[in-house]
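All remarks here apply to the structure that follows.
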Protein chains: 2
Amino acid sequence: MDVSTLPPPEAHESDTCAVVRAILARVGDKWSILIVRMLGDGSMRFSELRRSIEGISQRMLTLTLRNLERDGLVARTVTPTTPPRVDYELTDLGHSLQSITEAFGRWAVTHRDQIENARLRFDARQ
Amino acid sequence: MDVSTLPPPEAHESDTCAVVRAILARVGDKWSILIVRMLGDGSMRFSELRRSIEGISQRMLTLTLRNLERDGLVARTVTPTTPPRVDYELTDLGHSLQSITEAFGRWAVTHRDQIENARLRFDARQ
DNA sequence: ATGTGCTGGTTACGATCAGGAACCGAAAGA
DNA sequence: TCTTTCGGTTCCTGATCGTAACCAGCACAT
């Protein structure tokens, strides 16, 4: 989340490296991908997201949603009722990321045990 | 990179949320994905990686490789010559992640402009 | 009238982490 | 002897994460 701008113009052709890095800096943090995954099933309001993404704080949810909105992955809709209602949904750009986040989710669940075992083995070796 | 352990046993069934979060915390940072992408083409030695992943510091390369090794995604081979030679290559587990990192790389390159534009529009609105 | 709850945030602050720069030993080459 | 290469490590600073507290606005109950 530290890279404030996308790579400079001179890196225009094919240094995938810098592009991937800059985009990952935004989209690659743990909350962003989780939120994209949750919103894949349809729009959700703020507190709904907060309840379904366990472990996220209000602050991080706000910040992450704001960044996703800034990058055009998520759209924010305010309905000025009482109490106010704020809905978030994926934009087309956000939807285009869906297949990747889903693939990642499947990979994570499938290989979870392997990673945990590798980690235990590594730590035992030290 | 802050979550030190994988999710506790009680979260065993299907709270994909915690699993994805814990795994992303390790694998989802910008350097890890870039390294997996680089190693996808074959094994590389330390300084080779440092030169080809522009912008990475020696320290972050060391740390990230260590974590990837710990999680069983990367194998480290030391050849005790002078100067020492250390090669890194993907394990089978690491290779299983390849298609995802490649898909992400393609997505990043393809949608780079859209993100940059969305960001400019958002900032202009404030 | 007064308290309590829900909404979607914001602020303050301490812990944690990323990242840069400098340093390291050993050996080869000039 | 001085420099370079190799793969690290150590120190330090500034950014970031995350927790807890606070906020306004309104409904409903006491």
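Quick note on labels: first sequence line is chain A, next is B, and so on, each numbered from 1. These numbers come from the heavy atoms of this one structure, side chains and all, not from hydrogens, waters or symmetry mates. No experiment lies behind these values; they were computed from the predicted model shown.
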**OP:** Indicate for each nucleotide in nucleotides 7-15 of chain C, in 5' to 3' sequence, whether protein heavy atoms under 4.0 Å reach the base (B), only the sugar-phosphate (S), or nothing (-).
**Re:** SBBBBB---

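Remark: C1' of D/dT16 and CG of A/Leu63 are 10 Å apart, rounded to the nearest angstrom. Taking atom CG on B/Leu49 and atom P on D/dC6, their separation rounds to 13 Å, with Å as the unit. We find that CG of B/Leu34 is positioned 11 Å from P of C/dG19, with the value rounded to whole Å. Following rounding to the nearest Å, B/Asp29 (CG) and C/dG19 (C1') show an atom-to-atom distance of 13 Å. If you measure from atom CG of B/Leu61 to atom P of D/dT10, you get 17 Å, rounded to the nearest angstrom. One interatomic measurement links the two molecules: CG of B/Leu24 to C1' of D/dC17, which rounds to 16 Å at whole-angstrom precision.
Under 4.0 angstrom from either OP1 or OP2 of D/dG18 there lies at least one side-chain N or O belonging to A/Trp31. A close approach under 4.0 Å does not occur between any side-chain nitrogen or oxygen of A/Lys30 and OP1 or OP2 of D/dT16.
Remark: B/Arg85 engages B/Asp87 in a salt bridge (charged side-chain N to carboxylate O under 4.0 Å, His left out) (not counting sequence neighbours).
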Show me, pair by pair, the donor-acceptor contacts under 3.5 angstrom made by side chains of residues 42-52 of chain B, not counting sequence neighbours?
residue : atom : partner : partner atom : Å
B/Glu48 : OE1  : B/Arg45 : N            : 3.1
B/Ser52 : OG   : B/Glu48 : O            : 3.0
B/Ser52 : OG   : B/Leu49 : O            : 3.3

Which pairs of donor and acceptor atoms, one on a side chain in residues 88-95 of chain B, lie under 3.5 Å apart (sequence neighbours left out)?
residue : atom : partner : partner atom : Å
B/Tyr88 : OH   : B/Arg76 : NE           : 3.1
B/Thr91 : OG1  : B/Gly72 : O            : 2.6
B/Thr91 : OG1  : B/Leu73 : O            : 3.2
B/Thr91 : OG1  : B/Leu93 : N            : 3.3
B/Thr91 : OG1  : B/Gly94 : N            : 3.1
B/His95 : ND1  : B/Gln98 : OE1          : 2.7

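No side-chain N or O of A/Asn67 forms a donor-acceptor pair with one of A/Thr64 less than 3.5 Å apart.
Remark: side-chain polar atoms of B/Thr79 are not paired, donor with acceptor, to backbone N or O of B/Thr81 under 3.5 angstrom. Of the possible polar contacts, one joining the B/Thr110 side chain to the B/Arg106 backbone as a donor-acceptor pair under 3.5 Å is found.
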Between the protein and nucleotides 26-29 of chain D, are there any N/O to N/O pairs under 3.5 Å, and if so, what are the atom names and distances?
residue : atom : partner : partner atom : Å
D/dC26  : O3'  : A/Thr82 : OG1          : 3.4

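Separating the OG atom in A/Ser57 from the CG atom in A/Leu63 is a distance of 8.0 Å, to the nearest 0.5 Å.
Within the structure, the ring pair (Phe, Tyr, Trp, His ring centres under 6.0 Å) test picks out the following pairs touching residues 103-126 of chain A (sequence neighbours left out): A/Trp107-A/His111.
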**OP:** Verify side-chain contact (heavy atoms from CB on, under 4.5 Å) between A/Leu61 and A/Trp31, making sure each step is shown before the conclusion.
**Re:** CA-CA 8 Å; A/Leu61 183 54; A/Trp31 300 125; over 6 Å; no

